[in-house]
Amino acid sequence: MNINYNTDGTLPPDAFRITGGETVTIASADGAGALYGKLALEEKIKLGADAKTLDITSVPAAKNRILNHWDNMDGTVERGYAGGSLFFKNGDFAWDPKRIEEYAKMLAAVGINGISINNVNLRDDSRRLITEERLPQLAELAAAFRPYHVRLIIAVDFAAPKTVGGLPTADSFDDGVIAWWRETAARVYAHIPDLMGFLVKADSEFQAGPAALGRTQADGANVLAAALAPHGGTVFWRCFVYDCLQDWRDTKTDRPKAAYEHFFPLDGAFAENVVLQIKIGPVDFQVNEPVSPLLGALTKTRRAIEFQVTQEYTGQQIDLYAHAVPWTRALKTLVRPGQTLAQTRADTVVGVSNVGNDANWTGNPLALANLYTFGKLAWDPTLGAEEILRDWATLTFGNDAAVTGTITEMLLQSHDVFAKYTAPLGIGWMVQPGHHYGVNVDGYEYMKWGTYHRAAHDALGVDRTSRGTNLTAQYPPEIAAVYENTDTCPQDLLLFFHRLPYSFRLKNGATLIQHIYDTHFEGVEDVRRFIATWETLEPRLQPQLFAVVAERFGRQLENAVEWRDQINTYFHRLTGIPDEKGRKIYD
Ligand code: GCV
C-alpha cells in the first residue's frame, strides 16, 4: 500500500486525517499526527477495513495522554503485578533498548504521549534523578521514547531543595528555594529539552508538601510552575491529599470529602502550567465509586483525570477485570448540570501503568486490554466499552469470531462479576491490608486510613448524604439530589452514599442482606462459568497463552470462594438472618 503524507496546518496538534484510495493520504499538522495516522491505518486494516474507502479525521480530546509508572529504582514496582521495572534494577537504570522501543511503539499506537517512569512515592535514589549524576542516563531514555512522540515526565520530591539541594527549607516563599527550582529546571531541560514536566505527590501519605510549612497547595505548585514555565514544562500536581492518620472513632471526618476540601477553595489560584491530577473516584480506585466531585467542580484550573490501569484493588491481574465498563460508565456520568465527565474535556488524562518486565507485559495477557482501553479513552472519551474491547480482542487474537466474541463477552462481564463477590452496592475496603488482594472484612475497619464500612448488627455503610457526612453537598444540587435519595441513587453506589438496614428492599425486591448473600453466591458461579468458557477456547488458542490465563482463573476461583464464604459468614453471624435460599453458610 502506498501512503502519501501531507502537512495540513489547519488540523490541531496530534490530529490526523486518513483519506483512502489507491494511494492512502495521511494529513497532519505535525510529526506526531503523521505517526498516529500511520498507526491508526495499520490498526484499521487489521480490523478489516478497506484502505481504499477510508475517510477518518481523528482529533484527540485530551492534549496530554500520560502513563505514570510507580517504579522504584531497586527494580520493584509499587502496585505492580507484571514482574519488575522496565527501567530500573538494583538502584540504577537498567533497560533493554529493544523492549523500550517496542513499548514506545505500543504506547504511540494507542495515542499515549507522556510517561513518568519513577514512583510518586520518592525514595532517596529517585529523588536524585534531577541531578547531574543521573540526568545523562535519563536523557538516553528520553531519546529512546522520542521517535514515538512519547515525552518523559519526572516525579519529584516537593522537599527536594532540602533533600537533594541541601537547603535548610523547601518553603516555596524562600528566595533560595525559588532559585533552586529555577536552576534545577534549567539543568533538567539542558539534558531533556522536550520534558513534559514534573509530577508531584505532595502532602499525601507522608510525602512532603507545602501544608506542613503553612503554605497552600497553590503556593507549593506555583513555585515549581514558575521554574518550568520558561521551558514550556507543566506541573502535574496530585490531589490525593487526605488525613491518613485518622482515628476510626472519628465519624465526622470522611475521606472522600478531602480532595475537594483541599483544592476547590483554591480554584483559579494555580499558574497556567499547573494541572491538578485528580483520581477518578473520591477515595482510592475502589471497585465502585462515584466520580470525584472535584473533577466537575473546578472551572478555573486545568484538570487531569487519573485512572488506575494497574489492578490494585481490582484483582491484581490474577482475577479477570476489564476497566472498560466502569471507566466508560464514569465518563458518561453527569458531573455538572447537563454535562458528563467526558464532555468537561479535561486537557490531561493519566493512567497508572499496569506494565512490567514480564514477557507478556501485564502478567495476565488479558490485562493488556486495560492499557489499550486507557489509551483509546484518553484519545476519545465517548467510545463504548464493547467497541474498545472487541477491537482489542480482534487485534490480539485475530479474526476468529468465536474467540474474539467470547473473550469480548467475558471482559465485558468481568467488572460486574468481580464487584459481586468483592464489593456489591459500592461498599469498599474489605480487603487484606497492605497488599490489597483477597478478603478481610474488618482489615481496614480500625485503621488510620479513613476506610470504614461501619457494619453493625442492624445496618451497614456510611451515610454520606446531608443527614450524614454531607459528601453529597460537594456535587451540584441536581446531581446531589440523585445520590441523596435511595430511589434514584445508582444501585452500585447505594452503600457508598447510604447507611442502610439489612431489611432495606432493593428494586428487585430482595433485602439488602439477601442481596449480599445472592451476589456472593452468584459471583463464584460466574467465575466457574468463565473457567468453563475459557476451556472451550483451548483448541483455538496458543497453548501457553491458554495455560497462563487458565492458571489465573484457577486462582480467581479460590479468591472468589474465600470472599463468598468470609463475607456471608461475617454478615450471617452479625445479623442472624438466614439465607432465604438455604445455601451453605459456614458458622
Ligand atoms: C503510590 C494508594 C496506593 C499507594 C499509592 C497511592 C497513590 O494509596 O495504595 O500505593 O502510592 O494510592 O496514589 O499515591
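Hydrogens, waters and symmetry mates are skipped; everything else that's a heavy atom, side chains included, is used. For ligands, and for the atoms within them, numbers begin at 1 and follow the listed sequence. All values derive from a computational prediction rather than experimental measurement.
Nearest non-hydrogen protein atom to atom 10 (O) of ligand 1 is E78 OE2, 2.4 Å. N121 ND2, 3.3 Å is the protein heavy atom nearest to atom 1 (C) of ligand 1. Nearest protein heavy-atom contact of atom 2 (C) of ligand 1 is D284 OD2, 3.1 Å. For atom 12 (O) of ligand 1, the closest non-hydrogen atom on the protein side is K279 NZ, 3.0 Å.
Using modelled atom types, one finds a donor on one side chain and an acceptor on the other under 3.5 Å when comparing D250 with T253.
The aromatic rings of W327 and F374 sit perpendicular to each other, their planes meeting at more than 60°, with 30° as the lower class boundary.
Here the side chains of R65 and T348 are not in contact, with every heavy-atom distance at 4.5 Å or above. Side-chain contact between Y475 and Y260 is absent, with no heavy-atom pair separated by less than 4.5 Å.
The environment of E272 atom CD is sparse: at most 12 non-hydrogen atoms of other residues, nucleotides or ligands sit within 6.0 angstrom. Counting heavy-atom neighbours within 6.0 Å of K89 NZ, excluding the residue itself, gives a total of 12 or less.
Listed by number with element, the atoms of ligand 1 under 4.0 angstrom from any heavy atom of F240 are 6 (C), 7 (C), 8 (O), 12 (O), 13 (O), 14 (O). Listed by number with element, the atoms of ligand 1 under 4.0 angstrom from any heavy atom of K201 are 1 (C), 6 (C), 7 (C), 11 (O), 14 (O). Heavy-atom contacts of W70 reach the following atoms of ligand 1: 1 (C), 5 (C), 7 (C), 13 (O) (cutoff under 4.0 Å). The atoms of ligand 1 that sit less than 4.0 Å from any heavy atom of V120 are 1 (C).
Taking all heavy atoms of E312, Q277, E205, E306 into account, the minimum distance to atom 6 (C) of ligand 1 is reached by E205.
Taking distance alone, with nitrogen or oxygen atoms compared against 3.5 Å, R79 approaches ligand 1 more closely than that limit.
A salt bridge does not link D243 with K448: none of the charged nitrogens is closer than 4.0 Å to a carboxylate oxygen.
At least one heavy atom of R238 sits less than 4.0 Å from an atom of ligand 1.
For Y321 and F418, the gap between ring centers is short of 6.0 Å.
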